[in-house]
Amino acid sequence: CKGAGPGGSPVKPELLRTQGLCLARADAPGLREVNLFVRQGDFVTLLGLHDSGKDALCELFRGGARPQSGRIHWLGQRVHDFTQDDWEARRTAYIGAEEKFIRSFDLAENLFLLRKTSLRKVFVNKAAIHTQTDTLLRKYDLPFSPGASVEDITPAQQNLVAIAKAADQGARLIVLHNLATGYSLFEVNELQLLLNRVKAQGVTFIAAENRPEIYSPLSDCMVAVRKD
């Protein structure tokens with residue numbers, strides 16, 4: 001990806017590097033000989049057909065694809081463990097198209113009660129989590145009420161909240177996997193506005209989408225992925 005920012009700004013440090021990486025998935029095409037270099041703060045869009053293997057690369061970051069060979073370096077250090085917990089410990093967030101929230105919880109409860117640190121608590125201060133949720137929503141200019149029912153929030157809006165939640169929790173890398181299928185123009189615009197806001201904080205993105213043009217205005221580079 002781009003080595004320097006506009007006007008010759010300093011080169012951004014490396015976040016992720018793969019060398020000769022071969023990935024396997026049980027239920028879908030894998031990927032061979034992946035050589036990828038991603039700098040901190042980059043937005044990388046993966047291009048390819050549905051069976052090109054780009055999905056396997058995204059699934060890697062939630063433990064859904066297993067490296068068979070090759071190397072992965074994270075912040076300059078080679079890594080050997082690839083479970084979902086391992087990637088979360090590296091502050092990586094995977095956001096896919098599947099449902100993200102529990103329908104019987106309101107928005108605030110979904111955002112804060114499902115955090116691993118919250119699950120260890122015996123007592124829950126509902127007023128406090130509503131206040132924290134309101135702060136988060138205002139920070140990212142999301143027009144939802146903390147007490148909103150999840151059933152009143154569209155899937156596209158749930159994706160916005162999930163991205164804001166990941167950024168608020170300090171994600172270094174957010175992986176977006178087939179989020180925007182069926183999005184209206186308005187929903188695309190809302191997604192782009194939020195991604196620009198989060199990217200400005202220095203968060204890195206890897207995105208794979210059946211409509212890659214959605215991410216073109218945001219992308220520092222676009223990587224073609226194809227099967228052998």
*Asks:* Do the side-chain N and O atoms of Tyr183 and Asn159 include a donor-acceptor pair separated by under 3.5 angstrom?
*Replies:*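 Side chains of Tyr183 and Asn159: pair found under 3.5 Å.
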*Asks:* Should we say atom CD of Glu213 is surrounded by more than 12 heavy atoms from elsewhere, each under 6.0 Å from it?
*Replies:*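 Enclosed.
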*Asks:* For Asp134, enumerate each residue passing the side-chain hydrogen bond (donor to acceptor under 3.5 Å, both in side chains) test, keeping only those at least two apart in sequence or located in another chain.
*Replies:* Arg138
*Asks:* Would you call the rings of Trp87 and Trp74 parallel, tilted or perpendicular if under 30° counts as parallel and over 60° as perpendicular?
*Replies:*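 Trp87 and Trp74: perpendicular rings.
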*Asks:* Partners of Tyr94 by side-chain hydrogen bond (donor to acceptor under 3.5 Å, both in side chains), sequence neighbours excluded?
*Replies:* His177
*Asks:* Would you say Gln132's side chain and Phe112's backbone share a donor-acceptor pair under 3.5 angstrom?
*Replies:* no
*Asks:* For residues 125-160, pull every pair meeting ring pair (Phe, Tyr, Trp, His ring centres under 6.0 Å), keeping only residues two or more places apart or in separate chains.
*Replies:*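 As it turns out, there is no ring pair (Phe, Tyr, Trp, His ring centres under 6.0 Å) pair with a partner in residues 125-160 once direct neighbours are skipped.
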*Asks:* Hey, quick one: are Leu218 and Leu193 part of the same hydrophobic cluster, counting side-chain heavy atoms closer than 4.5 Å, chains of contacts allowed?
*Replies:*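 Per the 4.5 Å side-chain linkage, Leu218 and Leu193 are not co-clustered.
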*Asks:* More than 12 non-hydrogen atoms from neighbouring residues, nucleotides or ligands closer than 6.0 Å to CZ on Arg71, yes or no?
*Replies:* no
*Asks:* Could you tell me whether Glu88 and Arg62 make a salt bridge, using a distance below 4.0 angstrom between a side-chain N and a carboxylate O?
*Replies:* no
*Asks:* Got a salt bridge between Asp220 and Lys199, using NZ or NE/NH1/NH2 to carboxylate O under 4.0 Å?
*Replies:*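 Between Lys199 and Asp220 there is a salt bridge, with a charged N closer than 4.0 Å to a carboxylate O.
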*Asks:* Knowing that exactly one of Val150, Leu111, Leu136, Thr133 qualifies, which makes a side chain to side chain contact (heavy atoms under 4.5 Å, CB included) with Val161?
*Replies:* Leu111
